[in-house]
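What follows is a single structure, written as structure tokens, with notes after it.
Chain letters run A, B, ... following the sequence lines, proteins first, then strands; residues in each count from 1.
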Number of protein chains: 2
Amino acid sequence: MVRAGLTAERVTIAGAELADEVGLDQVTMSQVARRLGVKDASLYTHVRSLEDLRGRIALLAADEKTIRIAEATAGRAGRDALVAFANAWREYAHRHPGRYMATQTPIQIDPELAAKAPGPRRAVELTYGMLRGYGLTEPDLTDAVRLLRSTFHGFVALEAAGGFAHKRSPQHSWVRALDALHTLLEHWPPSREGDSS
Amino acid sequence: MVRAGLTAERVTIAGAELADEVGLDQVTMSQVARRLGVKDASLYTHVRSLEDLRGRIALLAADEKTIRIAEATAGRAGRDALVAFANAWREYAHRHPGRYMATQTPIQIDPELAAKAPGPRRAVELTYGMLRGYGLTEPDLTDAVRLLRSTFHGFVALEAAGGFAHKRSPQHSWVRALDALHTLLEHWPPSREGDSS
DNA sequence: AGGTTATACCTAGGAGTCCTAGGAATGCCA
DNA sequence: TGGCATTCCTAGGACTCCTAGGTATAACCT
């Protein structure tokens with residue numbers, strides 16, 4: 001009898017592959033075990049539960065996505081950086097739909113595990129860095145970061161859910177959205193606080 | 001023996017309530033049946049499968065959300081309409097997290113059933129109507145609609161997933177995002193097609 | 001009212017899933 | 001070579017989805 005040589009990472013990767021191939025909710029302990037040539041009970045040595053596995057897939061995806069974005073934006077600034085950032089985000093979501101969907105999970109991720117994963121924190125830093133060139137200051141900066149992340153995520157999520165009719169290619173709308181966001185960042189509106197107009 | 005008086009609608013509503021209370025993935029045939037005081041097998045008279053039920057919940061949510069938005073935007077125009085539209089969207093997502101999450105489901109909804117649901121189609125019309133005041137023309141109009149929908153959805157999705165750190169209230173960022181979108185719509189950038197700068 | 005029909009709801013059960021408990025095999029290191 | 005930690009197993013309980021086939025009830029029709 002040959003051991004399969006499992007580890008939490010290998011289980012997570014198998015789950016992530018499965019998620020991309022057949023959808024996140026088809027990722028079951030049994031399926032993952034089958035793919036690894038192992039009985040489902042064996043997985044519990046490496047992973048606490050199915051929930052835990054899904055959390056690990058989400059963190060893996062966050063890390064991978066962050067790395068792609070970092071590579072894509074390296075050495076770029078302004079509009080170039082914005083476009084590279086956004087395209088890397090969207091491409092990751094397209095290439096790894098299951099992994100990406102795992103990141104949408106309302107958080108019940110093991111905090112201890114999440115603390116070790118550099119992805120999420122790094123992603124925020126990257127976004128701030130990308131916006132440096134636009135001359136925004138806090139709290140506008142945080143608001144702009146959130147707006148960008150919302151738009152990127154929302155677009156790919158609607159795309160994945162079939163939320164766009166067929167009359168115009170999503171690609172066109174995507175490019176135009178990036179144009180719009182760029183000009184928006186260049187002319188970020190002042191706060192209307194106390195404005196009664 | 002008293003009959004429960006079930007129907008596809010009542011099963012769907014029970015499922016939707018359950019989704020809001022305990023999360024969409026806790027919506028099982030057994031749980032819904034239990035809530036209705038019925039055996040799980042009985043539900044299959046009214047609903048084809050669990051997938052089918054989830055699709056019905058998604059359509060119900062789409063309809064409800066559209067109605068809320070229609071009420072909120074009635075008689076408004078310009079920025080007022082934009083803010084009312086967006087707030088109605090976000091409020092629905094907050095109040096009915098489970099239902100809302102069901103709408104994110106990658107489409108495997110019974111087409112025949114979807115054709116009868118007015119929600120999604122109506123929602124698109126409403127969005128176009130809201131943008132009428134901004135003087136956009138096709139294809140910019142479609143691009144703008146998609147950008148707005150992406151941002152609204154992305155924001156509430158990230159909010160629900162705990163994607164925003166605690167340093168600044170999401171509410172502030174939301175208001176600023178709406179400001180930003182409004183000025184963006186007033187100064188929609190021309191197409192850069194063929195622009196090599 | 002009584003009989004007929006449609007259907008709402010049931011019981012029974014198979015297959016698949018998550019997860020635990022405890023045992024056997026394997027690789028490592030003295 | 002022997003001891004030990006760990007990997008992986010078998011066995012099994014509880015729950016889930018869904019089907020098949022039977023019973024009870026409501027609605028309709030004369």
With respect to the phosphate group of [N], does any side-chain polar atom (N or O) of [X] fall under 4.0 Å of OP1 or OP2?
{"X": "Ser42(A)", "N": "dC9(D)", "value": "yes"}
{"X": "Arg48(A)", "N": "dT20(C)", "value": "no"}
{"X": "Ser30(B)", "N": "dT16(D)", "value": "yes"}
{"X": "Arg54(B)", "N": "dC17(D)", "value": "no"}

| Has Arg95(A) got more than 12 heavy atoms of other residues, nucleotides or ligands less than 6.0 Å from its CZ? |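 Check fails, neighbour count at 12 or below.
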[X] [atom1] - [N] [atom2] separation (whole Å):
{"X": "Met29(B)", "N": "dC17(D)", "atom1": "CE", "atom2": "P", "answer": "7 Å"}
{"X": "Asp52(A)", "N": "dC19(C)", "atom1": "CG", "atom2": "C1'", "answer": "13 Å"}
{"X": "Leu43(A)", "N": "dC9(D)", "atom1": "CG", "atom2": "C1'", "answer": "12 Å"}
{"X": "Gln26(A)", "N": "dT16(D)", "atom1": "CD", "atom2": "C1'", "answer": "14 Å"}
{"X": "Leu50(B)", "N": "dT19(D)", "atom1": "CG", "atom2": "P", "answer": "12 Å"}
{"X": "Asp25(B)", "N": "dC17(D)", "atom1": "CG", "atom2": "P", "answer": "12 Å"}
{"X": "His46(B)", "N": "dA6(C)", "atom1": "NE2", "atom2": "C1'", "answer": "13 Å"}
{"X": "Lys39(B)", "N": "dC17(D)", "atom1": "NZ", "atom2": "P", "answer": "14 Å"}

Strictly by modelled atom types, are Ser150(A) and Thr151(B) linked by a side-chain donor-acceptor pair under 3.5 Å?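 There is no such pair (donor and acceptor under 3.5 Å, judged by atom type) between the side chains of Ser150(A) and Thr151(B).
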- Query: Is the His96(A) to Tyr100(A) ring centre distance short of 6.0 Å?
  - Reply: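 No, the ring of His96(A) stays outside the 6.0 Å limit from the ring of Tyr100(A), centre to centre.
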Hey, does [X] reach any base, or is it just sugar-phosphate, or nothing, if we go heavy atoms under 4.0 Å?
{"X": "Thr28(A)", "value": "sugar-phosphate"}
{"X": "Gln31(A)", "value": "sugar-phosphate"}
{"X": "Thr45(B)", "value": "base"}

Candidate nucleotides [options], ranked by approach to the side chain of [X] - the nearest:
{"X": "Leu6(B)", "options": "dT16(D), dC9(C), dC19(C)", "answer": "dC9(C)"}
{"X": "Tyr44(B)", "options": "dC9(D), dC18(D), dT17(C)", "answer": "dC18(D)"}
{"X": "Ala41(B)", "options": "dT17(C), dA12(C), dC18(C)", "answer": "dA12(C)"}
{"X": "Ser49(B)", "options": "dC10(C), dC8(D), dC18(D)", "answer": "dC18(D)"}

Notebook entry, point to check: Counting only distance, no hydrogens or angles, is the base of dC19(C) paired donor-acceptor with the side chain of Asp40(A) under 3.5 Å?
Noted result: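 Counting by modelled atom types and ignoring angles, a donor-acceptor contact under 3.5 Å is found here.
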Original post:
Can a cation-pi geometry be assigned to Arg90(A) and Phe155(A), taking NZ or CZ under 6.0 Å from the six-membered ring centre and within 45° of the ring axis?
Top reply: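 No, a cation-pi geometry is absent between Arg90(A) and Phe155(A).
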Taking the six-membered ring for Trp, are His182(A) and Tyr134(A) parallel (under 30°), tilted (30 to 60°) or perpendicular (over 60°)?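 Because their plane-to-plane angle is over 60°, the rings of His182(A) and Tyr134(A) count as perpendicular.
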